[in-house]
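Since the structure comes first, as structure tokens, the remarks are kept for the end.
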Amino acid sequence: MGLYNLAINTLSNSKIGQYLYGKSNILITNILKTGYIPQHVAFIMDGNRRFAKTQNLKVSQGHEAGSKSLLKIIETCYDLEIKHVTIYAFSIENFNRSEDEVENIFKILLEKLSFLIENQDYEYSKFIQIKIIGNKSLIPIETLTKFELIEKKSFENSNTDNNPPPLVLNVCFVYTSRDEISHSIGETLQDVIDQNLSIDQINSQIISNNFYFDPNTPSVDLLIRTSGHTRLSDFLIWQVNESNSKIEFLNMYWPDFNQFDYYKLLLKLGFNKLIQDIKNPKSIWELISNKQPKLIEIFEHFLKFNNYNDFEKINNQDWNVDLKKLQPPPPLVSILGEKS
Ligand SMILES: CC(C)=CCC/C(C)=C/CC/C(C)=C/COP(=O)(O)OP(=O)(O)O
């Protein structure tokens, strides 16, 4: 565990620390909500076993620690009003692990998902709708029955008139992208037969409507993978290409990933989105200068500081700037003063 995480853990275990920690989370959440908030974030929670190894813990304790990180991140997503969260909880390849480990992962998943929706004292329990996404024919029947009960209960809990719209938690459980695509091809061929379609009517929309996911799920804005591996491991391979999702690979194990790491990624995403969205710099400039003249001063300083040579051109009312020719955005400087 790094010094930074040690400090966070020590702080959050004391009463005053908990108070400050809570307040700082509220503050950061509110600041972030003034900017761009993605609709759909996905997570590959990798590195539980390596985390356990570095801490001299059992594999099961690594997964337990991973599930705790996940619960915190789900709460953060809810507080930020992110509406869809997708997690890679268990891949088809994960069946190659020892029977003990597989059973343990199923047990933790069931325990934590039940906690999420059944614990009356848990303030988020009424606001989370769980969807099991994957090949249900591969799930042992007694486990599937329990998962389906959790799914049903979460829907009933969150679907009352008094509740604000829920956060949809897509739990990819016995899932791989290639299996999802194969499944969709089968369903699509069935559509062709049932609806008397011709082959050239098959398009990417029909294929993705037949995925395990609910077709109304918005596209993935951000996919985060921990543990240093820079690959997708058969997760959402179609979906991330559908929408040019931003993919972030982090050099830390999943149990070490906390809200503050997440906030940094969201800030970076918001900044990149802002740069991309500037189709008409003049109108944005005018909008800001009318409302926030001080902000313009800071922004000018910032651009010059980062050697934005094109800045003078922009400022001299030459608005036909080709944004692709601008220098890349400056590195993210986190509010904690760290560069990422
Ligand atoms: C809904 C909920 C609470 C989910 C629980 C999260 C959980 C226990 C996920 C386990 C999934 C998994 C195989 C993680 C990857 O780490 P790894 O075992 O591949 O680690 P390694 O890369 O170090 O081998």
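When a residue number appears, it is its place in the shown sequence, counting from 1. Whatever order the structure lists them in is the order used to number ligands and atoms, beginning at 1.
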Residue of the set Tyr175, Phe147, Phe106 for which ring pair (Phe, Tyr, Trp, His ring centres under 6.0 Å) holds with Phe90: Phe106

Under-4.0 Å heavy-atom contact with ligand 1, by part of Val59 that carries it: neither

Identified ring pair (Phe, Tyr, Trp, His ring centres under 6.0 Å) partner of Tyr122 from the options Phe115, Tyr78, Phe127: Phe115

Proximity to ligand 1 by part of Ser91, non-hydrogen separation under 4.0 Å: neither

N or O pair under 3.5 Å between Arg50 and ligand 1: yes

Whether Glu151 side chain and Ile132 backbone form a donor-acceptor pair below 3.5 Å: yes

Atom 24 (O) of ligand 1: nearest protein contact (heavy atom, Å): Arg49 NE, 2.8 Å

Transitive ILVMFWY cluster of Ile16, excluding itself - 4.5 Å side-chain cut-off: Tyr19, Leu20

Asn119, CG: over 12 other non-hydrogen atoms inside 6.0 angstrom: yes

Atom indices of ligand 1 within 4.0 angstrom of Asp46 heavy atoms, with elements: 15 (C), 16 (O), 17 (P), 19 (O), 20 (O), 21 (P), 22 (O)

contact_flag Arg97 ligand 1 heavy-atom lt 4.0 Å: yes

Atom 11 (C) of ligand 1: the protein heavy-atom neighbour that sits closest, reported with distance to 0.1 Å: Ala89 O, 3.2 Å

Minimum-distance protein heavy atom relative to atom 6 (C) of ligand 1: Met45 CE, 3.8 Å

Worked verdict on Glu156 versus Lys152 for salt bridge (Lys or Arg N to Asp or Glu O under 4.0 Å): CA-CA 6 Å; Glu156 287 164 4; Lys152 187 165 167 266; 3.6 Å; yes

Chi angles and distances behind the ring-ring contact (aromatic ring centres under 6.0 Å, His included) call for Phe260, Tyr21: CA-CA 11 Å; Phe260 293 97; Tyr21 192 62; 5.8 Å; yes

Closest approach of any protein heavy atom to atom 2 (C) of ligand 1, naming residue and atom: Leu70 CD2, 3.3 Å

Proximity to ligand 1 by part of Leu113, non-hydrogen separation under 4.0 Å: side chain

Sub-4.0 Å heavy-atom approach of Val171 to ligand 1: no

Check: Thr226 side chain, Met45 main-chain N or O, donor-acceptor pair, under 3.5 Å: no

Shortest protein contact, atom 7 (C) of ligand 1 (heavy atom only): Asn48 ND2, 4.1 Å

Numbering as shown, the atoms of ligand 1 that approach Lys112 to under 4.0 Å (heavy-atom distance): 3 (C)

Within-shell test, Ile87 vs ligand 1, heavy atom, strictly < 4.0 Å: yes

Sub-4.0 Å heavy-atom approach of Gly66 to ligand 1: no

Atom pair CG (Leu70) and NE2 (His63), whose distance is rounded to the nearest 0.5 Å: 13.5 Å

Numbering as shown, the atoms of ligand 1 that approach Gly47 to under 4.0 Å (heavy-atom distance): 16 (O), 20 (O), 21 (P), 22 (O), 23 (O)

Trace of the salt bridge (Lys or Arg N to Asp or Glu O under 4.0 Å) decision for Lys146 with Glu142: CA-CA 7 Å; Lys146 288 178 189 157; Glu142 66 282 11; over 6 Å; no

Short side-chain to backbone donor-acceptor contact, Gln61 and Lys58, under 3.5 Å: yes

Contact atoms of ligand 1, heavy-atom distance to Asn94 under 4.0 Å: 13 (C)

Polar side-chain atom of Lys33 near backbone of Asp79 as donor-acceptor pair, under 3.5 Å: yes

Test item: Asp234 side-chain N/O and Arg178 main-chain N/O as donor-acceptor pair under 3.5 Å: yes

Identity and separation of the nearest protein heavy atom to atom 5 (C) of ligand 1: Ser67 CB, 3.7 Å

Ligand 1 contacted by Ser227 (non-hydrogen, < 4.0 Å): no

Nearest protein heavy atom with distance in Å, relative to atom 8 (C) of ligand 1: His63 O, 3.6 Å

Leu109 and ligand 1 - part of the residue with a heavy-atom distance under 4.0 Å: side chain

